[in-house]
Asker: 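Below is the structure I would like to discuss, written out as structure tokens.
Per chain, numbering begins at 1; letters A, B, ... match sequence-line order.
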Amino acid sequence: MEEKNLSDERQSRLNKLNLWKEKKINPYPNLYKPSSYSIDIKEKFEKEGDKEFPTDIAGRIILLRDFGKAIFATIKDSKGTIQIYARKDILGDEKFEDFKLLDIGDIIGARGDVFRTHKGEITILVKEFKLLAKSLLGLPEKWHGLTDVETRYRQRYLDLIVNDKVKEDFKTRFKIIAYIRNFLNNKGFLEVETPMMQTIPGGATAKPFITHHNALDIDLYLRIAPELFLKRLIVGGFEKVYELNRNFRNEGIDTRHNPEFTMLELYQAYADYNDMIAIFEELMQNLSLEIKGDTKLEYQDKILDFGKWEKIKYVDALKKYANIDVTNIKTIDQAREIASLKGFSDVKDFEGKWSIINRLFEEYVEPHLMEPTIIYEYPAEISPLAKYKEEDYEFVERFEAYVYGREIANAFSELNDPIVQAERFFEQAKKKAEGDEEAMYVDEDYLKALEVGMPPTGGMGIGIDRLVMFFINTNSIRDTILFPTLKTRD
RNA sequence: GAGCCGCUAGCUCAGUCGGUAGAGCAUCACACUUUUAAUGUGAGGGCCCUGGGUUCGAUCCCCAGGCGGCUCACCA
């Protein structure tokens, strides 16, 4: 037994738990199936002109008002809340005493007649009730709820119980994910699963998590992207595939980054980046119509139209927003010079011309891309898995979609020339050797797959968490992830 | 990784120019058969994040650390 003060809430609830047991009532019964939801009961009652009818519900007590011989309680279920009303003269002395043992936070089932109180509240007059789960810890305070951000993340269940907006936001997240799956399935894409644990972390440039398989005695990497495996499937004859699942990157945590995040990648054989643009625009437009009922959505201080995407070439965007004319930059040294003039003092030896220019792009162009914008035709040097333009090998058929200065999609015509891909991998390996921690690994088996032959293919990746951020109007990725990664507390 | 801010009752927050602390809600007791942030009266509840320093005395000042938030860097 815990030596606790009598007014300790948990102790008082434990005492009540024992009282239930002494009454031979199981405080955690096995099964109870309610027939109705709060909202539906209220709707039916109003629709039928306030005609009383018997019903039953189950849910959590979130408010209690005790009047001695009558008690009002507010019950919350998954759809909303409804008031119930218990009277001593109706329940009888013994059952009413039982009712008095209930606490805020307890989950109960109740049966009775729906009526409207003098104050106009649609209410269930309780004839029978059953404790379904005793709550020993109670709930955060009813006025201000739970606002402590750390507790909200660590005990998300409390956040979900108390903060309706949070629950709505997560419903929105999972509606978005369900919609995307539907959208792609209807287009004939097949959802597939490829390894989360990979021997070579490929498909992106990022630091991986490393783990170890004991029986095989080998290190494995949590995937940073599924890309190379999905393209192996295209080689294998699947023509439209997608994977919507987690990636893992061992990098910093902030309002835009969580170590595990959700990514959509899709690949379509006999398609190119223009087809990807078409799919992207259709998806964004339909998704916002589905979720918001409008292509325009309010985000922070802006109205963003997901039905209207401005398109501008990468080099033209540099000219337009940063006044940089790349035709004047012919050599790495010229690029270094401009970067230096613009204040970049930390250019590394392994950085090539376009890698340096891309710094300028990120610094001076991206912040201007507030309205939904598609930037296309990227430099080949910074796109090691994308296919060059037929008439200009310096550029690739690639686009990125930006909203509010943030990248939300990256797509290209996939590089299927094994010789060129081998060269690109070799360049990456060289950068790695020169100190670029995030350069790609050479994946020999992937090259072998390309040598078997991959059809011309278009592919696209969309960061789901960041997309969700726009739909729930938040600045923090943690508001889109149910259980964000946090340090442990001792 | 750097800077700034926060950490006080179960929750939301005050506060102590350095003398070991308060409110509302929650809890407990009593009253109350139509309340809905119910109300009224009374009560209990605190390693004031941790460790060290300064001091007669630290929750408060100083240093270090922990956890969290935001911004920046890296990235998606």
Side-chain angles (χ1 to χ4, degrees), chain A residues 4-16 62-75 81-91 96 103-105 115-123 125 135-155 158-159 161-163 203-207 224-225 246-265 346 359 362-363 366 400-402 406-410 436-438 461-467 469 475-479 484 486-490:
Chain A
K4 285 272 181 165
N5 191 287
L6 281 174
S7 64
D8 179 75
E9 179 160 12
R10 183 164 180 273
Q11 187 56 53
S12 128
R13 285 166 182 251
L14 281 171
N15 293 342
K16 288 174 185 171
I62 56 165
L63 286 171
L64 268 177
R65 296 174 287 282
D66 184 344
F67 288 84
K69 294 187 181 66
I71 300 171
F72 290 91
T74 306
I75 304 294
T81 62
I82 191 165
Q83 177 170 267
I84 64 170
Y85 178 36
R87 293 173 57 129
K88 191 171 189 177
D89 58 0
I90 288 173
L91 282 175
F96 192 74
D103 287 307
I104 288 173
F115 74 109
R116 194 185 285 274
T117 64
H118 296 163
K119 295 286 168 74
E121 179 91 8
I122 297 169
T123 300
L125 179 61
S135 167
L136 297 179
L137 288 177
L139 299 177
E141 193 243 349
K142 64 189 172 189
W143 295 16
H144 310 89
L146 180 66
T147 61
D148 181 77
V149 182
E150 189 173 353
T151 310
R152 286 185 43 225
Y153 295 158
R154 288 192 194 278
Q155 294 178 269
L158 288 178
D159 195 25
I161 291 168
V162 170
N163 296 323
T205 53
K207 289 171 207 151
I224 56 176
R246 230 65 66 78
N247 288 347
F248 308 86
R249 298 190 184 175
N250 204 343
E251 286 164 354
I253 297 179
D254 61 27
T255 48
R256 309 279 136 72
H257 299 87
N258 195 64
E260 55 176 317
F261 62 102
T262 300
M263 187 85 170
L264 166 69
E265 284 201 19
D346 60 336
R359 285 172 173 248
E362 286 171 357
E363 182 74 15
E366 284 188 6
E400 291 201 353
Y402 284 88
R406 300 177 198 158
E407 183 205 326
I408 61 167
N410 180 18
D436 186 351
E437 278 189 59
E438 291 182 346
I462 297 176
I464 299 300
D465 315 281
R466 289 184 176 183
L467 181 63
M469 286 171 70
N475 242 327
S476 173
I477 199 168
R478 292 180 206 101
D479 291 333
L486 296 175
K487 279 199 185 185
T488 50
R489 268 197 308 202
D490 308 317

Asker: Expressed in whole Å, how much space separates the C1' atoms belonging to C4(B) and G45(B)?
Answerer: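 Approximately 35 Å lies between the C1' atom of C4(B) and that of G45(B).
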Asker: Would you call K207(A)-E251(A) a salt bridge at under 4.0 Å N-O?
Answerer: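 No.
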Asker: At 4.0 Å (heavy atoms only), tell me whether E121(A) reaches a base, stays on the sugar-phosphate, or touches nothing.
Answerer: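 It contacts base atoms.
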Asker: What is the separation between atom CD on E366(A) and atom P on A73(B), rounded to the nearest whole Å?
Answerer: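 From E366(A) CD to A73(B) P: 12 Å.
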Asker: Given the P atoms of C48(B) and G10(B), what is the spacing between them in whole Å?
Answerer: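 Their P atoms lie roughly 11 Å apart.
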Asker: Could you list all N or O pairs between the protein and nucleotides 47-49 of chain B that sit under 3.5 Å apart?
Answerer:
none

Asker: If you look at every strand shown and take non-hydrogen atoms under 4.0 Å, does D465(A) touch a base, only sugar-phosphate, or nothing?
Answerer: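 Counting heavy atoms under 4.0 Å across all strands, no contact is made by D465(A).
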Asker: For the CG atom of L63(A) and the OG1 atom of T74(A), what is their distance to the nearest 0.5 Å?
Answerer: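 One gets 4.5 Å once the value is rounded to the nearest 0.5 Å.
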Asker: In whole angstrom, what separates L64(A)'s CG from A26(B)'s P?
Answerer: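 These atoms are roughly 10 Å apart.
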Asker: Which whole number of Å gives the distance between the P atom of G66(B) and that of U50(B)?
Answerer: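 Approximately 15 Å lies between the P atom of G66(B) and that of U50(B).
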Asker: Return one dot-bracket line describing RNA chain B 5' to 3' (Watson-Crick or G-U wobble pairs, both distances under 3.5 Å; ( ) same strand, [ ] crossing, | another strand, . none).
Answerer: (((((((..((((.....[..)))).(((((.......))))).....(((((..]....))))))))))))....
Asker: Angle between ring planes, F72(A) versus F67(A), binned at 30° and 60°: parallel, tilted or perpendicular?
Answerer: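 Correct class here is perpendicular.
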Asker: So, are E150(A) and R154(A) salt-bridged, with charged N and O less than 4.0 Å apart?
Answerer: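 R154(A) and E150(A): salt-bridged.
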Asker: What integer distance in Å separates R10(A):CZ from C28(B):P?
Answerer: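 R10(A) atom CZ is separated from C28(B) atom P by 15 Å.
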Asker: Distances under 3.5 Å only, N/O to N/O: pair up the protein atoms with those of nucleotides 67-69 of chain B.
Answerer:
| from | atom 1 | to | atom 2 | distance (Å) |
| --- | --- | --- | --- | --- |
| C67(B) | OP1 | K487(A) | NZ | 3.3 |
| C67(B) | OP2 | K487(A) | NZ | 3.0 |
| C67(B) | O3' | R154(A) | NH2 | 2.9 |
| C67(B) | O2' | E150(A) | OE1 | 3.2 |
| C67(B) | O2' | E150(A) | OE2 | 2.1 |
| C67(B) | O2' | R154(A) | NH2 | 3.2 |
| G68(B) | OP1 | K487(A) | N | 2.7 |
| G68(B) | O4' | E150(A) | OE1 | 3.0 |
| G69(B) | OP1 | R478(A) | NE | 3.3 |
| G69(B) | OP1 | R478(A) | NH1 | 3.4 |

Asker: 5'-most contact on RNA chain B: E362(A) or W143(A), nearest heavy atom basis?
Answerer: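 In this pair, the answer is W143(A).
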Asker: Using a distance-only criterion (donor-acceptor N/O pair, under 3.5 Å, no hydrogens), is the base of C74(B) paired with the side chain of D254(A)?
Answerer: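 Indeed there is one.
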Asker: Going 5' to 3' through nucleotides 29-34 of chain B, assign each nucleotide B (protein heavy atom under 4.0 Å from a base atom), S (under 4.0 Å only from sugar-phosphate atoms) or - (no protein heavy atom that close).
Answerer: ---BBB
Asker: So what does N258(A) touch, heavy atoms closer than 4.0 Å: a base, only the sugar-phosphate, or nothing?
Answerer: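 Result for N258(A) = base.
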Asker: Scan nucleotides 9-12 of chain B against the protein and return all N/O pairs shorter than 3.5 Å with their distances rounded to 0.1 Å.
Answerer:
| from | atom 1 | to | atom 2 | distance (Å) |
| --- | --- | --- | --- | --- |
| C11(B) | O2' | E141(A) | N | 3.3 |
| C11(B) | O2' | G145(A) | O | 2.7 |
| U12(B) | OP1 | T147(A) | N | 3.1 |
| U12(B) | OP1 | D148(A) | N | 2.9 |
| U12(B) | O3' | T147(A) | OG1 | 3.2 |

Asker: Between protein and nucleic acid, restricted to nucleotides 1-3 of chain B and to nitrogen or oxygen atoms under 3.5 Å apart, what atom pairs and distances do you find?
Answerer:
none

Asker: Hey, are D89(A) and R87(A) close enough for a salt bridge, meaning a charged N less than 4.0 Å from a carboxylate O?
Answerer: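 Salt bridge: yes.
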Asker: Check the phosphate of C28(B) against S12(A), side-chain N and O only, distance under 4.0 Å to OP1 or OP2. Yes or no?
Answerer: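 For C28(B), OP1/OP2 do have a side-chain N/O of S12(A) under 4.0 Å.
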